[in-house]
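Below, chains carry the letters A, B, ... as their sequence lines are ordered, and counting in each starts from 1.
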2 protein chains.
Amino acid sequence: MSDFDYKQLDDIIHSRIRLAIMALLVSVDSANFVYIREKVKASDGNLSVHIRKLENVKYVSSNKKFVDRKPVTTYKITLLGHKAFETYINRLSNLLDK
Amino acid sequence: MSDFDYKQLDDIIHSRIRLAIMALLVSVDSANFVYIREKVKASDGNLSVHIRKLENVKYVSSNKKFVDRKPVTTYKITLLGHKAFETYINRLSNLLDK
DNA sequence: AATTTGTACTTTAATTTATAAAGTACTTTA
DNA sequence: TAAAGTACTTTATAAATTAAAGTACAAATT
C-alpha cells in the first residue's frame with residue numbers, strides 16, 4: 001500500500017472526538033468519564049455516544065463502580081485498541097510525509 | 001492550547017477523503033481530477049463533492065479547460081490551504097505525541 | 001449514420017454520523 | 001423538602017458521507 005488511499009485510515013478511530021479520546025487513553029493507563037470529558041472538551045452526550053462506539057469495537061473497555069455513593073466509569077484502552085491506534089498512526093504518517 | 005481538545009482540528013481538513021486530497025495536493029503542485037481520484041481511490045461522486053468543499057473554503061483552486069476536446073479540471077492547493085494544512089499537522093502531532 | 005461504450009465530471013437521494021437536547025437515577029446543598 | 005448538582009444515557013435533529021443516477025460530450029462499434 002503506502003499511498004494516498006483514504007480508506008486505509010480506520011474510520012472508527014479517525015473521527016476527531018474519538019481520535020482525541022484514543023490519544024488521551026494511550027497516554028494515561030486509565031481515565032474516568034469526567035476526566036476525559038474535560039480533557040477532550042466534549043459534551044456529556046457526545047462523549048457517551050463516541051466512547052460507546054470505541055467500546056463496541058473493543059478498542060476501549062469500561063468499568064463501572066460507585067465511589068462515595070456516586071457512579072464512576074473508568075475507561076482503559078485495550079490491547080486491540082492499542083494495536084489499532086498504532087496502525088492508524090503509521091498509516092497516517094505515511095500518508096502525510098510525502 | 002496544546003491539549004486534547006478535539007475541536008482544535010480543522011474539520012474541513014480532517015475528513016479522511018479530504019485529508020488524503022490535501023496530502024496529495026501539498027506534495028504535487030497540481031493534479032487533475034482523474035489523477036486525484038485514482039490516487040485517493042475515491043468514486044467520481046465523492047471526489048467531486050469533497051474537492052468542492054475544499055474549493056468553497058478556498059483551500060484548493062481549480063482550472064477547467066479542454067484537452068483533446070475533453071474536459072480536464074486541474075486542482076492546486078492555495079496559500080490559505082497550505083497554511084491551514086500546516087496548522088492542522090501541527091495540532092495533530094501535538095495531540096498525538098504525548 | 002445510428003447505437004453503444006467510455007470519459008469527466010455534477011447532481012440528487014439515501015444512509016450514516018455527529019451533535020445537542022432532553023431524560024434518568026440518583027446525591028448534595030440550601 | 002425542594003432545588004441544584006453529578007454522572008451518565010437516550011432520543012431527535014442537523015450535518016456529513018456515500019452511492020447512484022444524470023449530463024454532456026467523444027470515440028468506437030455495428
In whole Å, what is the span from the [atom1] atom of [X] to the [atom2] atom of [N]?
X: Glu38(B); N: dC9(C); atom1: CD; atom2: P; value: 12 Å
X: Ile12(B); N: dT17(D); atom1: CD1; atom2: P; value: 8 Å
X: Asn56(A); N: dT9(D); atom1: CG; atom2: C1'; value: 13 Å
X: Arg52(A); N: dA7(D); atom1: CZ; atom2: P; value: 18 Å
X: Phe33(B); N: dG6(C); atom1: CZ; atom2: P; value: 18 Å
X: Ile21(B); N: dA16(D); atom1: CD1; atom2: C1'; value: 14 Å
X: Leu47(B); N: dT18(D); atom1: CG; atom2: P; value: 12 Å

Run Arg16(A) and His14(B) through side chain to side chain donor-acceptor pair (under 3.5 Å) and show every step you take.
CA-CA 7 Å; Arg16(A) 289 192 307 168; His14(B) 187 76; over 6 Å; no
With a sphere of 6.0 Å drawn around NZ of Lys58(B), does it hold more than 12 non-hydrogen atoms of other residues, nucleotides or ligands?
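Check fails, neighbour count at 12 or below.
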Surrounding NZ of Lys7(A) (heavy atoms of other residues, nucleotides or ligands, distance under 6.0 Å), is the total greater than 12?
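Above 12, so yes.
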List the protein contact pattern of nucleotides 16-23 of chain C with one symbol per nucleotide (5' to 3'): B for base contact, S for sugar-phosphate-only contact, - for none; contact means a heavy-atom distance under 4.0 Å.
-SSBBB--
Ile17(B) side, atom CD1; Leu54(B) side, atom CG - distance, nearest 0.5 Å:
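It is 9.5 Å, given to the nearest 0.5 Å.
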Counting only heavy atoms and a strict 4.0 angstrom limit, can you tell me which residues of residues 63-72 of chain B come near DNA chain C?
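DNA chain C contact set from residues 63-72 of chain B: Lys64(B), Pro71(B), Val72(B).
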Sugar-phosphate only, base, or nothing, as touched by Arg37(A) at under 4.0 Å among non-hydrogen atoms
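Since no nucleic acid heavy atom lies under 4.0 Å of Arg37(A), the category is nothing.
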For residues Asp10(B) and Tyr59(B), is any side-chain donor paired with an opposing acceptor at under 3.5 Å?
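Yes, side-chain donor-acceptor contact under 3.5 Å.
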Without hydrogens or angle criteria, can the side chains of Thr73(B) and Lys64(B) be said to hold a donor-acceptor pair below 3.5 Å?
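Yes, side-chain donor-acceptor contact under 3.5 Å.
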Base-pairing mate for dA30(C) - Watson-Crick or G-U, with both contacts under 3.5 Å
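For dA30(C), the partner nucleotide comes out as dT1(D), under the 3.5 Å rule.
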Can you list the steps and then say if Val40(A) with Leu47(A) is a side chain to side chain contact (heavy atoms under 4.5 Å, CB included)?
CA-CA 9 Å; Val40(A) 164; Leu47(A) 180 55; 5.6 Å; no
Applying ring pair (Phe, Tyr, Trp, His ring centres under 6.0 Å), name anything that partners Phe33(A), two or more places apart in sequence or on another chain.
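With neighbours one apart ignored, the set is empty.
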Check: Asn32(B) side chain, Tyr35(B) main-chain N or O, donor-acceptor pair, under 3.5 Å:
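Yes, Asn32(B) side chain to Tyr35(B) backbone: donor-acceptor pair under 3.5 Å.
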dC9(C) OP1/OP2 closer than 4.0 Å to side-chain N/O of Thr73(B)
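Answer is yes, contact under 4.0 Å.
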